[in-house]
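In what follows, a single structure is set out as structure tokens and then discussed.
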Amino acid sequence: MKVTLKSNLAWVGVMLFGFIIIDALEFAGLINTFIENMLVTIGINVILAVGLNLIIGFAGQFSLGHAGFMAIGAYATGIMTQTMSTPLGFYISMVVGMVIAVIAAVIVGVPTLRLRGDYLAIATMGAAEIIRIVINNLKITNGAAGLFNIPALASWVTVYVLMCLTTIVTVNFIHSRGGRAVMAVREDELAAGAMGINTTRWKLAAFVFGAATAAIGGSLHAAYIQTIAPGDFNIMASIAILIIVVLGGVGSITGTFVAAVVLGALDTILQNFGTVRMIIYSLALILIMIFKPAGLLGTWEFSFRRWLTKGAVTHD
Amino acid sequence: MTSRLLDAQELVKSFGGLTAVANVSVHFDRNELVGLIGPNGAGKTTLFNLLTGETPLTSGSISLYTDQGVQTLNGKKPAQIAQAGISRTFQNIRLFKDLSVLDNVKIAMTNHYQEGFLTSVFRLPKFYQTEAAMAQAAHELLKIFDLTAVADQPARNLPYGTQRRLEIVRALATKPSLLFLDEPAAGMNPEETADLTQLIRQIQRDFHITVVLIEHDMSLVMNVVERLYVLEHGGLLASGTPDEIQRDPAVIKAYLGGA
């Protein structure tokens, strides 16, 4: 138990340290709008990719529809904060977005999670397209033009805190009964069933969990960028999140963080290169995949617990 | 007087035109060690799959006698049947290979240690209590089967015989009243088989459960079981004690060819 406490305190320390560093840099005027934009994008991408990694890396279900659930969160915030432009209104809209995303995930998940591999990917991709096209054709969402002048209710602090919260909740889920059940399904669905694990239920749990965090990411996106359009949530957006997961390592949350930071920074640096940007970006991706096919970190996970118990055999 | 544990009546399974299991009725009593033998393709594994819900029945009925009364298992999913108290191992080992030995066992305990979603996600004190209790139970189980030293290893790193042993431990962790072992000695050398024989006896005695095993190794089967079912061509050929079976002319004919 002592190790657990130490390791938890160490993580709290890391989160505070990160916060103080950014805050100090901000205070010293070293972070301009451009860099802050990059940091916020990285934070939102982490939230999205951690949720997707839970679905793909831990539950072993290949979903290509993450942007659809993100869109639900973004539009919930975009629409609701027009009339409730207070921080409270923003959080209420976030919760509403999550609830709708969860309902949508259940409706999509129940029939599609029976499918495997490629079929599931295509089905989830289709579901996300349906969400996008519905948004594209509704009056309340302002159709293809999208919503603009959304009240700026999310700062980098909001994004940072929510990034930490969703990651803590996701990692805690992974290291609990639910996470083990979900990984058992990934490893061997038949054996998991024979050990009394309701495979459909746990697959759905991971899928719904991921959808809810995607909605949080969407809400933050809408409130920070202040402009959203259906085109922001197309298949390419889903793939962009998938790239972070695959590049960092499928099944490594640490890897997701690293990849989100590396890609975010790379993207920002390459802005100066104009049209060559996409070529360099793609080349970087190809090179990483050639030399690190399992992603930057594979399934390796950073752990204070392992550090603290190094050399000593403990069974907590 | 022994008490009935499971009753399977007139089980039929056909795959298209092929009848893999034809009208087989078997029953298992509490705390009994039963063998299931037969030539390749006789329908032994299919019968296991029917009894554990892996394959849906074409017709027939399966009833399980539990403390809460008689339960019909027809049409139930494998997970529900596992929760009712039937566990199994697989002919080709199906461990959770990338997960640690300890996690393999913990996963099988999922239904006995309930942790709510919020409890585990927000790490409430109840979570630590449940996890500690679960880890202790898992370690105790691993200790009995000499697996403590490898508890933190991924299952894929274990030698073949140990993987088979872990699969049995995992099945026991679901706290079954009935355990099906599908060819537990497959691929083992005589020494390992002798250890396994010992182990199966020990399990049945110490855990007070019924063990049913499919096996081709006759020395193991005849040594260990109290009762035998012989399958051939999907049908029940004979049943009885090992002595009776060894003298049964129909069985001798099926195994050695008739004159």
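Since we're looking at a predicted model, the values are computed, not measured. What's counted below: heavy atoms across the whole structure, side chains too, no hydrogens, waters or symmetry copies. Throughout, a chain's letter reflects where its sequence line sits, starting with A, and its residues are numbered from 1.
A 6.0 Å sphere centred on CG of B:Asn92 holds more than 12 heavy atoms belonging to other residues, nucleotides or ligands. The local environment of CZ in B:Phe117 is crowded, with over 12 non-hydrogen atoms from other residues, nucleotides or ligands closer than 6.0 Å.
The choice from B:Thr130, B:Leu95, B:Thr52, B:Thr110 that makes the most heavy-atom pairs within less than 4.5 Å of chain A is B:Thr110. Between chain B and the residues A:Ser176, A:Gly179, A:Ala181, the largest count of heavy-atom pairs under 4.5 Å involves A:Ser176. Of all the listed residues (B:Ile86, B:Ile81, B:Ile107), the one sharing the greatest number of non-hydrogen pairs under 4.5 Å with chain A is B:Ile107. Between chain A and the options B:Gly53, B:Pro176, B:Pro78, the largest number of non-hydrogen pairs under 4.5 Å is found for B:Pro78.
For the atom pair B:Tyr128 OH and A:Leu5 CG, the distance stands at 8.5 Å (nearest 0.5 Å). For the atom pair CZ of B:Phe96 and CE of A:Met195, the computed distance is 6.5 Å after rounding to the nearest 0.5 Å. In this structure, CD on B:Glu115 lies 7.0 Å from CZ on A:Arg177, to the nearest 0.5 angstrom.
Proximity of the aromatic rings of B:Phe122 and A:Phe173 is defined here by a centroid distance below 6.0 angstrom, and this criterion is not met.
The side-chain heavy atoms of B:Arg94 and A:Leu190, taken from C-beta on, include a pair separated by under 4.5 Å. A:Met183 is listed as a side-chain neighbour of B:Leu99, based on a closest heavy-atom distance under 4.5 Å.
Nearest heavy-atom pair, A:Gly196 versus B:Asn111, reported as atom, atom and distance to 0.1 Å: O-ND2, 2.6 Å. Between B:Ser87 and A:Ala194, the shortest heavy-atom contact is OG-O, 4.4 Å. Listed here is the closest heavy atom pair of B:Arg123 and A:Asn172: NH1-O, 3.2 Å.
In this structure, the portion of B:Met134 lying under 4.5 Å from any heavy atom of chain A is its side chain and not its backbone. The contact between B:Tyr113 and chain A is made entirely by backbone atoms, counting heavy-atom distances below 4.5 Å. Heavy atoms closer than 4.5 Å to chain A are found in the side chain of B:Thr174, but not in its backbone. When heavy atoms are compared at a cutoff of 4.5 Å, A:Ala205 does not approach chain B at all. Only the side chain of B:Glu54 comes within contact range of chain A, with at least one heavy atom under 4.5 Å from a heavy atom of that chain.
A salt bridge is absent between A:Glu187 and B:Arg170; no separation between the charged side-chain nitrogens and carboxylate oxygens falls under 4.0 Å.
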